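This report refers to the structure that appears directly beneath it.
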Protein chains: 2
Amino acid sequence: MLPDASRPLYEVKANLFKGLAHPLRVRVLEVLSTRPETSVSDLLEVTGLEASNLSQHLAVLRNNRLVTADRRGNQVYYRLAHPQVADLLRVARTLLGDILETTERQLVESSGLPELPPAAPAVEAAATAVEAAGEPA
Amino acid sequence: MLPDASRPLYEVKANLFKGLAHPLRVRVLEVLSTRPETSVSDLLEVTGLEASNLSQHLAVLRNNRLVTADRRGNQVYYRLAHPQVADLLRVARTLLGDILETTERQLVESSGLPELPPAAPAVEAAATAVEAAGEPA
DNA sequence: TGATGGATTGATAAATCCATTATACGCCCG
DNA sequence: CGGGCGTATAATGGATTTATCAATCCATCA
């Protein structure tokens, strides 16, 4: 889990992605991208999760060195270990935008070519949702 | 597996990362980042894998719209579906470089502070390996 | 000290992922 | 058409991941 550099890079990278491969963990990282730090109790509120479940996921993020925790008094505060983590989320998002765009285009092309589709509610709304989502990363 | 935009973005992102969360798939994407396209047989050579195993992983990459395949004659050629995929791998690599650097520094700091460590073979070599690795992404 | 609130850890069952094997498909050539 | 090659899919069993519940740890405050 710790990025052991003696292994082939593609293994280490795969481990990194594994650390990111859960909705909850992505969510936590997104929250952490918007503020300098966040307490576990705040994360609990935001996510509406069970404490132990969240804690487990935070442990995964810690083991992957994606976040750092420090305890102040009764509470524990988490922050991104590196700004690059936010970069990664941003790049992922733009990639997803592209993917969605081209799959949508391919759908249109293969289904009769109505140059400007009169309005494909679901897909269309979805696409713009991704573009405009007021989301941190 | 298809990036359904009607779901929360963090779920879609997590799915994307899941698609990347295997050494073999990362390896394939790295190979594909270095050339415009690569045939399955070439990938088989490079990776030394069983055909069906590779095929399964290629299917995952296809389902995630990370690669596209097109058949010409007897062979199938794969390519990255978007240049952003390579970007993602690059950002991941620099992040890993940072992570490794700071964990190494923390190791040194917490173990007696030999200002310039006389030479910590494993870790040191590893770090430079990551920096210098002549790897595509 | 005991008690309380916040967070983590351990244990377990369910779900998911993966390598392997076997089978099927698509294309070319004889 | 039949055979062979290159890929892909199905099925199976073993390993990993995850949500849940119980137990523990750590700091505060009475």
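For the numbers below, each heavy atom of this structure counts, side chains included, while hydrogens, waters and symmetry mates do not. Letters A, B, ... are given to chains in the order of the sequence lines, protein chains preceding strands, and every chain is numbered from 1. Predicted model, so just to flag it, every value in this text is computed and none were measured.
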Gap between atoms [atom1] and [atom2], on [X] and [N] respectively (whole Å):
X	N	atom1	atom2	result
Phe17(A)	dC17(C)	CZ	C1'	18 Å
Leu24(A)	dT18(D)	CG	C1'	11 Å
Arg72(B)	dT7(D)	CZ	P	12 Å
Asn63(B)	dA8(D)	CG	C1'	12 Å
Glu50(A)	dT8(C)	CD	P	14 Å
Leu61(B)	dT9(D)	CG	P	13 Å
Leu49(A)	dA7(C)	CG	P	14 Å

Return the 5'-most residue of the pair Leu54(B), Lys18(A) with respect to DNA chain D, ranking by each residue's nearest nucleotide. Leu54(B)

Can you work out whether His57(A) or Asn74(A) has the more 5'-proximal nearest nucleotide on DNA chain D? His57(A)

Is Ser55(A) side chain donor-acceptor paired with the dT9(C) base, going by distance under 3.5 Å alone? no

Name the nucleic acid region contacted by Arg25(A), choosing base, sugar-phosphate or nothing; use a 4.0 angstrom heavy-atom cut-off, strictly under. sugar-phosphate

Does Tyr77(B) reach a base, just sugar-phosphate, or nothing at all? Heavy atoms under 4.0 Å. nothing

Rounded to the nearest 0.5 Å, what separates atom CG in Asp87(B) from atom OG1 in Thr94(A)? 7.5 Å

From Glu30(B) atom CD to Leu89(B) atom CG, the distance as rounded to the nearest 0.5 Å: 6.0 Å

Side chain of [X]: nearest nucleotide among [options]?
X	options	value
Arg71(B)	dC27(C), dT8(C), dT21(C)	dC27(C)
Gln75(B)	dT9(C), dT20(C), dG6(D)	dG6(D)
His22(B)	dG6(D), dA19(C), dT9(C)	dA19(C)
Gln56(B)	dT20(C), dA19(D), dG6(C)	dT20(C)
Asn53(A)	dT9(C), dA7(C), dT20(D)	dT20(D)

His22(A) vs His57(A) aromatic rings, parallel, tilted or perpendicular, using cut-offs 30° and 60°? tilted

Check whether Arg25(B) reaches the backbone of Gly19(B) with its side chain - one donor and one acceptor, N or O, closer than 3.5 Å. yes

Side-chain N,O ([X]) to OP1/OP2 ([N]) below 4.0 Å:
X	N	value
Tyr78(A)	dG6(C)	no
Arg62(B)	dT7(D)	no
Ser39(A)	dG6(C)	no

On DNA chain C, does the nearest nucleotide to Ala21(B) precede the nearest nucleotide to Val40(A) from the 5' side, or the other way round? Give the residue. Val40(A)

Electrostatic pair Glu37(B)-Arg72(B), nearest N-O below 4.0 angstrom: yes

Determine whether Ser33(A) and Val85(A) satisfy the following criterion, side chain to side chain contact (heavy atoms under 4.5 Å, CB included), listing intermediate values before the conclusion. CA-CA 8 Å; Ser33(A) 304; Val85(A) 175; 5.8 Å; no

